[in-house]
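This report concerns only the one structure given below.
Quick note on labels: first sequence line is chain A, next is B, and so on, each numbered from 1. These numbers were taken from a predicted model, which means no experiment stands behind them.
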2 protein chains.
Amino acid sequence: MFTGWVTNTLDAKGRLAIPARFREVLAQKGDERLVVTASDKCLVAYPIEEWNALIEKVAKLSQFNPKVQDFRRYFVSSGTEYSLDRQGRILIPSSLRETAGLTGQVQLVGMQSNFEIWDKDRWLQDRERIRQDFGDLSSVMAELGL
Amino acid sequence: MFTGWVTNTLDAKGRLAIPARFREVLAQKGDERLVVTASDKCLVAYPIEEWNALIEKVAKLSQFNPKVQDFRRYFVSSGTEYSLDRQGRILIPSSLRETAGLTGQVQLVGMQSNFEIWDKDRWLQDRERIRQDFGDLSSVMAELGL
DNA sequence: CCACTTTTCCCCACTTTCACCCACCAGGAC
DNA sequence: GTCCTGGTGGGTGAAAGTGGGGAAAAGTGG
């Protein structure tokens, strides 16, 4: 399980160190490869296994539903496999860096089965938005049975 | 499987380098030929094998259904076979270049069994449109069981 | 049918990017 | 203090991408 918030820096070559804690999760799965994909405000990283499970589900949806097409074109298409280098980093290609607005400081956010990669400033803003919303959020959770 | 986003440039002669990662997929199939055809906003490239499978399916549809006719006229008829040159490029004929509005910068988008060829600006616009819609998209995905 | 232009293909050369390796620095444990 | 670990930065050779010259092929017009 990926948990917690970590701030790392993206170096000039576009490399990002994966926190040791996250690497251990991968090591336990016996497969250190990651799939990184673009979401609307950030990037999302999945262990291969999790990603494949997701892809299979998408493959079963109607391929002619325009929403599904858009989802595939944006979210699925950007998903590419990366291996860690000897220092436990991945190289994030410029197209994904641009999409997610990654600059210097990067926030990694554990989301249990996967983790998100945010531009730090954007993360701080979004966190603030969620905080404002929290009261409302709580009632939705209650409705969902939590 | 073709995955990920790659930006390459179309040179003055209309040649486009196929990313090495995509070429490997073709090499694994043992057939480096590609069929490129026009879709509504971009071009689509298929490995021969995939294209033939598609054609066979279309052949089974009613030849007198006007919609099928249009589909064949536009999508199927424009499909032409291209081989890679020694540098791993294909020459995109001017008719297809115009249709897809390809200028300098070109975006290649991996769509698993095939890949799309977009004019970069047009791609950015379309991506932005999808991104705006992402919240809505996500809820549709949730409804569909994702 | 022939001359001419345009397009296509093949080759070579240059530039940029990437994968790999090593080195450094900061902080915590001993 | 030293040792270790985690994160950061940089050099280097190979690979990928880019651009252009020139011969062959195809298309065009008289």
Side-chain angles (χ1 to χ4, degrees), chain A residues 2-28 32-36 43 45 78 80-99 102-110 115 117-120 123, chain B residues 2-28 32-36 43 45 78 80-99 102-110 115 117-120 123:
Chain A
F2 302 105
T3 57
W5 298 346
V6 180
T7 304
N8 277 348
T9 65
L10 195 74
D11 70 20
K13 292 183 180 179
R15 294 175 299 187
L16 176 68
I18 305 301
R21 187 143 41 88
F22 290 2
R23 292 205 305 265
E24 273 172 33
V25 177
L26 294 174
Q28 279 205 339
E32 297 229 324
R33 290 172 301 171
L34 274 176
V35 174
V36 180
L43 305 180
S78 61
T80 317
E81 191 180 306
Y82 300 98
S83 309
L84 306 186
D85 70 10
R86 264 229 197 140
Q87 282 74 258
R89 294 176 292 195
I90 54 171
L91 177 73
I92 299 182
S94 58
S95 53
L96 287 184
R97 262 179 278 160
E98 284 167 26
T99 313
L102 300 186
T103 53
Q105 292 289 91
V106 169
Q107 186 80 18
L108 294 120
V109 183
F115 61 91
I117 301 169
W118 287 77
D119 178 64
K120 179 139 193 186
W123 159 252
Chain B
F2 301 104
T3 61
W5 297 346
V6 179
T7 304
N8 277 348
T9 65
L10 196 75
D11 69 20
K13 293 183 181 180
R15 295 175 298 186
L16 176 67
I18 305 300
R21 187 144 40 86
F22 289 5
R23 291 205 305 264
E24 272 173 34
V25 177
L26 294 174
Q28 279 206 339
E32 297 228 326
R33 290 172 301 169
L34 274 175
V35 174
V36 180
L43 305 180
S78 63
T80 319
E81 191 180 307
Y82 301 97
S83 308
L84 306 187
D85 71 10
R86 263 235 198 134
Q87 280 77 267
R89 295 177 289 196
I90 54 171
L91 177 73
I92 300 181
S94 57
S95 55
L96 285 182
R97 261 179 278 161
E98 283 167 26
T99 317
L102 300 186
T103 53
Q105 293 288 91
V106 170
Q107 186 81 16
L108 294 119
V109 182
F115 61 90
I117 301 169
W118 287 75
D119 178 64
K120 177 138 191 186
W123 158 253

Quick one: pull up [atom1] in [X] and [atom2] in [Y] and give me the separation to the nearest 0.5 Å.
| X | Y | atom1 | atom2 | result |
| --- | --- | --- | --- | --- |
| A:R33 | A:L26 | CZ | CG | 11.0 Å |
| B:F115 | B:I117 | CZ | CD1 | 5.0 Å |
| B:T103 | B:D119 | OG1 | CG | 4.0 Å |
| B:I18 | B:I90 | CD1 | CD1 | 4.0 Å |
| B:W123 | B:Q107 | CH2 | CD | 6.0 Å |
| B:L108 | B:K120 | CG | NZ | 11.0 Å |

Under 3.5 Å: donor-acceptor pair, side chain of B:T80, backbone of B:S78:
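Present.
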Name the closest nucleotide to the A:R15 side chain, picking from C:dC18, D:dG20, D:dG10.
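The answer is D:dG10.
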I need the [atom1]-[atom2] distance between [X] and [N], as an integer number of Å.
| X | N | atom1 | atom2 | value |
| --- | --- | --- | --- | --- |
| B:D85 | D:dA24 | CG | P | 18 Å |
| B:L91 | D:dT18 | CG | C1' | 15 Å |
| B:K13 | C:dC9 | NZ | C1' | 9 Å |
| A:Y82 | C:dA19 | OH | C1' | 14 Å |
| B:L84 | C:dT8 | CG | C1' | 15 Å |
| A:I92 | C:dT17 | CD1 | P | 17 Å |
| A:E81 | C:dA19 | CD | P | 12 Å |

Would you say B:R86 places a side-chain N or O within less than 4.0 Å of OP1 or OP2 belonging to C:dC11?
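So the side chain of B:R86 is within the cut-off, an N or O lying under 4.0 Å from OP1 or OP2 of C:dC11.
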For B:I92, the option from B:V36, B:L16, B:V106 that meets side-chain contact (heavy atoms from CB on, under 4.5 Å)
B:L16
Need the bend value for the helix from C:dC1-D:dG30 to C:dC30-D:dG1: angle between end axes, 5 pairs each end, nearest 10°.
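Answer for the end axes of this duplex: 20°.
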So which protein nitrogen or oxygen atoms get under 3.5 Å of nucleotides 4-8 of chain D's nitrogens or oxygens?
from, atom 1, to, atom 2, distance (Å)
D:dG7, OP2, A:A20, N, 3.1
D:dT8, OP1, A:T9, N, 3.2
D:dT8, OP1, A:T9, OG1, 3.3

Look at the rings of B:F22 and B:F2 and say which category their plane angle falls in: under 30° parallel, 30 to 60° tilted, over 60° perpendicular.
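Because their plane-to-plane angle is over 60°, the rings of B:F22 and B:F2 count as perpendicular.
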